[in-house]
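See below for the structure under consideration.
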Amino acid sequence: MKFINNSNDLSKFLCVEIKKNVPIKSISTDTRTLRKGSLFIAIKGNNFDGNDHIFTAIKKGASIVITDRRKFKDSKDKSIVYVPNSIRALKKISKNIINSYKGEVVGITGSNGKTSTTSFISQCIKGSSSTIKNFNNEIGMPLSIINAKRSSTSLVMEMGASNFGDIHYLSSFLKPHVGVITNIGKSHLENLKNISGVFKVKSEIVHNIKKNGCLVIPSENKKHLRQWKGMRDDISIVTFGLNKNADFYASDIKYNIKNTSFTILSSAFGIEQKINSSLAGEHNVKNILATYAVLFFLKMPEQTILKNISNIKLTGRQDQISWINNSVLIDDSYNANPDSVMKSIDLLANSKKRKILILGDMLELGRMRKYMHKNIGSYALQKKIDILIGFGNLTKYAVEEFGKSGVYFSNENELKIFLKKNISSKDTVLLKGSRGMQMEKFINV
């Protein structure tokens, strides 16, 4: 059973009188996917306005419609509930749900690895509710909270940011018991400008962790570590990483393109535990370390932690599938920034077959976009990637830097034809690019 099952539940969490007593089977912000019996929340975005589709929602069977269009303020239709601001209404509902919730709340942010780490933690805490897909912004996270099960043992929520104040906004009503910062990297530089800006926005979570809660942070950057430790003295701070200074660190790391083994060590807590995982790559070692730290703080028994971590599955990230002419495709098309691309290249470099990178543009890099793409081309060459295939407007700089074994395309169909002709069973291919590039369109060629 979810937190909102009928209009009485909605009235309680929204603090608005609703005169119609009806069940609510699901929640939607899109009439195209709206099902009969849904609560429809009309939201005005940059490119759309849900308020234009209120009557469509009602016609399709919406139980209740929430709108902030003033012409509906005095509507006689009991299905229509007017609020001053639909997005703030989402926040209010979510905040009141969190205030009524008795379980543990975990909030995860970071430049890379936050979606994977959110999934890992949620998989390990049986009976938890987590972020829906990649719903991690001012609209998506509240929807994830509202859709959570009332009986959830924990709520594990991802928080994304592209502007200053984003993480503060989300964490201010999530109020996590445990806050996780997976890393500080080169993401959303168009608005955040530089690494200092990224650090500032990701660190907004620290001030909203509940008293006596825990902050889980990477240990690599000593300056960032000092700053984090100086922000709060009423919460525990736990570090993870690949160096021995971390509270939880990894040693004896052995990995190939399909799996990883390593030992989790902690001199601070007297831990030495062997991990065998089907997750590949150094970045997933760090994600597992962060997960372990969270579970340890939540006092999960060690043997349960180990068992649950060994059963973690990747969901929609770096899936390895049979592809063109029996080649192997590593589908990491979901999103990309410079740091995540380099981590994926590290994974590809472990293949014993011919190594091919298909790279789409990395977006939202601002004035650094040309330099960052050149740097990826240089990095791929350094890691002995055999062929770099660029697609978009910016990857031509990566291809230029990569050199004679680089190929660039701006036309989708031409690239698909090239792939059909040139990919063989002797190849391992990595597909990577920013979300806006929709690189998944090359999976079925």
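Here the structure is a predicted model, which is why all the values come from computation and not from measurement.
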Item to check | Stepwise side chain to side chain donor-acceptor pair (under 3.5 Å) check, N51 with D68 | outcome: CA-CA 8 Å; N51 294 290; D68 56 10; 3.1 Å; yes
Checklist entry - Do K20 and S79 have side-chain atoms, one donor and one acceptor, less than 3.5 Å apart? => result yes
Item to check | Test: E440 and R435 ion pair at under 4.0 Å | outcome: yes
Next on the checklist: How about NZ on K78, more than 12 heavy atoms from neighbouring residues, nucleotides or ligands closer than 6.0 Å, or not?
Outcome noted: no
Checklist outcome for this item: From the list F297, Y249, F296, ring pair (Phe, Tyr, Trp, His ring centres under 6.0 Å) with F269 holds only for F296
Next on the checklist: So for atom CG, which belongs to D233, do other residues, nucleotides or ligands contribute more than 12 heavy atoms lying within a distance under 6.0 Å?
Outcome noted: no
Checklist entry - For K193, does the NZ atom sit with more than 12 other heavy atoms under 6.0 Å from it, leaving out its own atoms? => result no
Item to check | S111 side-chain N/O to G185 backbone N/O, donor-acceptor pair under 3.5 Å | outcome: yes
Checklist entry - Backbone N or O of G213 within a donor-acceptor pair of the H177 side chain at under 3.5 Å? => result no
Checklist entry - Less than 4.5 Å apart, any side-chain heavy atom of I181 and any of L215? => result yes
Checklist entry - Just wondering, more than 12 heavy atoms not from K126 lying within 6.0 Å of its NZ? => result yes
Checklist outcome for this item: From the list V294, L289, L295, side chain to side chain contact (heavy atoms under 4.5 Å, CB included) partner of T291 resolves to L295
Next on the checklist: Name the residue from N276, D252, I288 that meets the side chain to side chain contact (heavy atoms under 4.5 Å, CB included) definition with F262.
Outcome noted: I288
Checklist entry - When you measure from the side chain of K202 to the backbone N and O of G110, does any donor-acceptor pair fall under 3.5 Å? => result yes
Checklist entry - Quick check: does any side chain N or O of T428 sit under 3.5 Å from a backbone N or O of I330, one acting as donor and the other as acceptor? => result no
Checklist entry - With no hydrogens and no angle check, is any side-chain donor or acceptor of T131 less than 3.5 Å from a backbone partner on E158? => result yes
Checklist entry - Do S333 and D331 have side-chain N/O donor and acceptor atoms under 3.5 Å apart? => result yes
Checklist entry - Any donor-acceptor pair under 3.5 Å linking the side chain of N284 with the backbone of N287? => result no
Checklist entry - Can you check whether L363's main-chain N or O pairs, donor with acceptor, with D361's side chain at less than 3.5 Å? => result no
Checklist entry - Does a side chain donor of either T260 or S277 reach within less than 3.5 Å of an acceptor in the other side chain? => result no
Item to check | side-chain contact (heavy atoms from CB on, under 4.5 Å) evaluation trace for L431 with I443 | outcome: CA-CA 8 Å; L431 184 63; I443 296 173; 3.8 Å; yes
Next on the checklist: Under a 3.5 Å distance rule, please check whether E204 uses its side chain to pair with a backbone N or O of I167 as donor and acceptor.
Outcome noted: yes
Checklist entry - Taking atom CD of Q320 and atom OG of S322, what is their separation to the nearest 0.5 Å? => result 11.5 Å
Checklist entry - Ignoring hydrogens and geometry, is there a side-chain-to-backbone donor-acceptor pair from S340 to N337 under 3.5 Å? => result yes
Checklist entry - Are a donor atom and an acceptor atom from the side chains of N137 and Y169 found within less than 3.5 Å of each other? => result no
Next on the checklist: Under a 3.5 Å distance rule, please check whether S38 uses its side chain to pair with a backbone N or O of F40 as donor and acceptor.
Outcome noted: no
Checklist entry - Do the ring centers of F55 and F72 come within less than 6.0 Å of each other? => result yes
